[in-house]
Number of protein chains: 2
Amino acid sequence: MARPRTPLLSRERIVVAALRLIDDEGLGALSTRRLATELSVSGPSLYNHFATKDDLLDAVVDSVIGEVDLSMFGTAETTETAGTAAADGTAGTARTDGTPATPATPAALATPWAEALRDWARSYRAALAAHPNIVPVLAQGPGRRPNALRLADAVFGHLVESGWPRGQATRIGALMRYFVTGSALASFAAGFPADAEVYDAADYPHLGEAHRLAGHRGTVDEGAFETGLEALLDGLALRYARLAERS
Amino acid sequence: MARPRTPLLSRERIVVAALRLIDDEGLGALSTRRLATELSVSGPSLYNHFATKDDLLDAVVDSVIGEVDLSMFGTAETTETAGTAAADGTAGTARTDGTPATPATPAALATPWAEALRDWARSYRAALAAHPNIVPVLAQGPGRRPNALRLADAVFGHLVESGWPRGQATRIGALMRYFVTGSALASFAAGFPADAEVYDAADYPHLGEAHRLAGHRGTVDEGAFETGLEALLDGLALRYARLAERS
DNA sequence: ACCTGAACACCGTTCAAGT
DNA sequence: ACCTGAACACCGTTCAAGT
């Protein structure tokens with residue numbers, strides 16, 4: 001047939017099919033020939049739309065990152081009052097209702113940047129966890145992918161405008177990515193074989209119940225992510241309060 | 001030559017060569033044929049020592065996990081006083097020297113389980129960061145690999161003996177793995193191209209200095225890991241203190 | 001038991017040829 | 001411009017053959 005009147009392929013169609021293949025059968029199952037078959041064309045056809053397989057993967061990755069909600073970082077207007085926010089950011093050392101300052105009142109609850117970070121982290125994780133097999137590629141960094149750069153820009157900008165020093169803002173962006181990519185890369189619970197025979201009491205005295213983990217996969221991983229996220233935000237809020245003390 | 005008097009290969013020798021290849025050129029560079037060439041044998045020879053390439057990868061992964069220090073989790077004797085530790089775990093709400101309770105005194109500093117967790121996390125990250133290309137494989141979970149199961153057993157056992165409820169201990173093990181694997185999977189700093197042209201001010205108003213990141217790769221990632229680790233431990237210490245309050 | 005070469009069904013990518 | 005089949009240098013793995 002050679003060249004059809006209306007093109008058989010488009011970058012969009014290729015990206016969608018590639019992501020489905022990766023989701024269903026893993027990164028290893030994505031071959032140009034297999035993908036072409038799935039799209040009912042011959043292997044080399046793909047090279048009319050992407051220079052290399054890596055180029056195609058880049059597009060797939062950026063389509064996933066594009067799903068992450070960044071709206072909580074708002075515009076400059078809504079966040080440019082950061083200076084005053086930092087000034088009264090006493091972050092839970094005392095409360096206006098007279099109750100004593102205790103750890104039972106997580107500082108992060110009252111801190112706008114922490115709320116934004118929490119919402120973003122949840123959206124980020126949801127987008128990645130929907131496509132765990134591509135996380136190793138995506139975790140290599142933004143590279144030149146526009147959605148990934150937009151994400152980094154929004155997070156860093158919001159933190160700086162909230163009063164964080166630039167060096168700290170960079171570190172927070174990095175450590176949040178560590179945590180989110182790590183949590184989306186693979187299920188913790190599913191990593192433990194459901195076969196009880198694996199956990200010989202002589203070798204692993206505390207893993208007697210580990211074979212049950214895989215069955216509760218969803219709740220275990222969700223709970224671990226939420227616990228870690230709140231712990232991180234509380235820890236960061238402590239540091240934010242120390243910034244205000246020094247000034 | 002067929003069968004030599006003394007074997008040309010051993011599992012040990014194969015694993016070492018495979019890890020070097022992965023470290024130097026990435027997971028994609030590890031092919032059975034290439035590895036065999038590196039070892040001066042023919043491709044199929046490897047199948048006398050490993051059933052499949054996946055089997056070989058499992059052995060490589062477990063050799064890396066074997067480098068992680070677990071000695072800080074000690075024996076049952078040294079950690080079974082956890083009940084009392086929990087009882088006075090006031091976690092920085094007040095200090096004996098009369099200074100006011102401020103977040104400037106991180107609770108995690110005084111908490112034995114947190115100290116153990118910190119030392120372990122650093123060793124864990126160091127072992128993984130030395131071999132970032134294999135982290136995606138390793139992050140899939142312990143599977144049936146003995147060193148990975150030993151690690152999970154030690155962490156979980158120590159937390160439970162320190163007074164954490166089993167469900168919480170599971171979540172902490174999971175979230176620590178999220179953070180450590182995420183931080184070792186790829187450099188945050190190196191993920192940003194050093195080419196300043198990438199960061200168009202119109203598209204990414206806050207990334208004007210991002211091209212400098214890759215140059216400070218080591219310190220940026222180290223700093224982010226340490227900040228995140230301390231924040232996590234402080235956040236967990238707040239929760240540990242709340243456990244004591246309720247009892 | 002442990003290595004070899006030949007073989008099978010795969011890869012990513014290039015390229016000349018078709019419309 | 002966009003598709004095709006043929007071709008090249010690769011893959012993981014099996015297997016019969018050698019000592």
Side-chain angles (χ1 to χ4, degrees), chain A residues 1-62 133-134 136-138 140 143 145, chain B residues 1-62 133-134 136-138 140 143 145:
Chain A
M1 62 159 89
R3 171 155 131 83
R5 273 180 256 96
T6 138
L8 297 174
L9 296 174
S10 70
R11 287 175 63 98
E12 170 78 17
R13 242 170 64 71
I14 296 172
V15 165
V16 168
L19 183 55
R20 181 166 43 218
L21 198 46
I22 291 168
D23 286 344
D24 291 350
E25 308 186 34
L27 251 189
L30 181 76
S31 74
T32 55
R33 298 166 116 110
R34 169 77 190 279
L35 177 58
T37 302
E38 219 82 32
L39 290 161
S40 305
V41 296
S42 82
S45 304
L46 302 173
Y47 289 84
N48 285 298
H49 303 269
F50 294 96
T52 63
K53 186 185 173 184
D54 271 355
D55 251 41
L56 162 57
L57 260 182
D58 245 33
V60 174
V61 163
D62 216 37
N133 295 334
I134 210 176
V137 183
L138 168 158
Q140 297 305 309
R145 291 178 272 104
Chain B
M1 63 158 88
R3 172 157 129 81
R5 271 182 258 98
T6 137
L8 296 175
L9 297 175
S10 69
R11 288 174 63 99
E12 170 79 16
R13 240 169 68 71
I14 296 171
V15 165
V16 168
L19 184 55
R20 181 166 43 216
L21 198 47
I22 292 168
D23 286 344
D24 292 350
E25 307 185 36
L27 250 189
L30 181 75
S31 75
T32 55
R33 296 166 115 110
R34 170 76 192 280
L35 178 58
T37 302
E38 219 81 32
L39 289 161
S40 306
V41 296
S42 81
S45 303
L46 302 173
Y47 289 83
N48 286 298
H49 303 268
F50 294 97
T52 64
K53 186 185 174 183
D54 271 355
D55 250 40
L56 163 57
L57 260 183
D58 245 34
V60 174
V61 163
D62 216 38
N133 295 334
I134 208 176
V137 184
L138 169 159
Q140 296 307 309
R145 291 178 273 103

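In what follows, every chain begins at residue 1, and chains take the letters A, B, ... in the order their sequences are listed. What you see is a predicted model, and the numbers here were worked out from it, not measured in a lab.
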(message) One pair to check against side chain to side chain contact (heavy atoms under 4.5 Å, CB included): B:Leu39 and B:Leu9. What are the steps and the verdict?
(response) CA-CA 8 Å; B:Leu39 289 161; B:Leu9 297 175; 4.0 Å; yes
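For A:Pro7, whose side chain is taken as the heavy atoms from C-beta onward, the closest listed nucleotide among C:dT4, D:dC3, C:dC2 is D:dC3. Listed candidates were D:dG18, D:dC2, D:dT4. Nearest to the side chain of B:Arg3 is D:dG18. Residue A:His49 has its side chain nearest to D:dC3 when only D:dT14, D:dC3, D:dC11 are considered.
Taking each heavy atom of B:Val61 and B:Arg145 in turn, the nearest pair found is CG1-NH1, 3.1 Å.
Every stem involving DNA chain D, taken as at least 3 paired positions in a row under the Watson-Crick or G-U wobble test at 3.5 Å, is listed here: C:4-8 with D:12-16, C:12-16 with D:4-8.
At the phosphate of D:dT4, OP1 or OP2 sits under 4.0 Å from a side-chain N or O atom of A:Ser42. Between B:Ser45 and C:dT4 there is a side-chain polar atom (N or O) within less than 4.0 angstrom of OP1 or OP2.
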Review item, nucleotides 6-9 of chain D N/O atoms under 3.5 Å of protein N/O:
none

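Shown are B:Leu30, B:Leu57, B:Asp23; of these, the side-chain contact (heavy atoms from CB on, under 4.5 Å) with B:Ile134 is made only by B:Leu57.
The CG-P distance, from B:Leu30 to D:dC10, rounds to 16 Å in whole Å. In this entry the distance linking CG of B:Leu46 with P of D:dT14 reads 13 Å, nearest Å. Rounded to an integer number of Å, the gap from A:Phe50 CZ to C:dT13 P is 13 Å. Following rounding to the nearest Å, A:Lys53 (NZ) and C:dT13 (P) show an atom-to-atom distance of 8 Å.
The backbone N or O of A:Ser45 lies less than 3.5 Å from a partner atom in the side chain of A:Asn48, making a donor-acceptor pair.
The side-chain heavy atoms of A:Tyr47 and A:Thr32, taken from C-beta on, include a pair separated by under 4.5 Å.
For DNA chain C, none of the residues of residues 13-21 of chain A falls under the heavy-atom distance limit of 4.0 Å.
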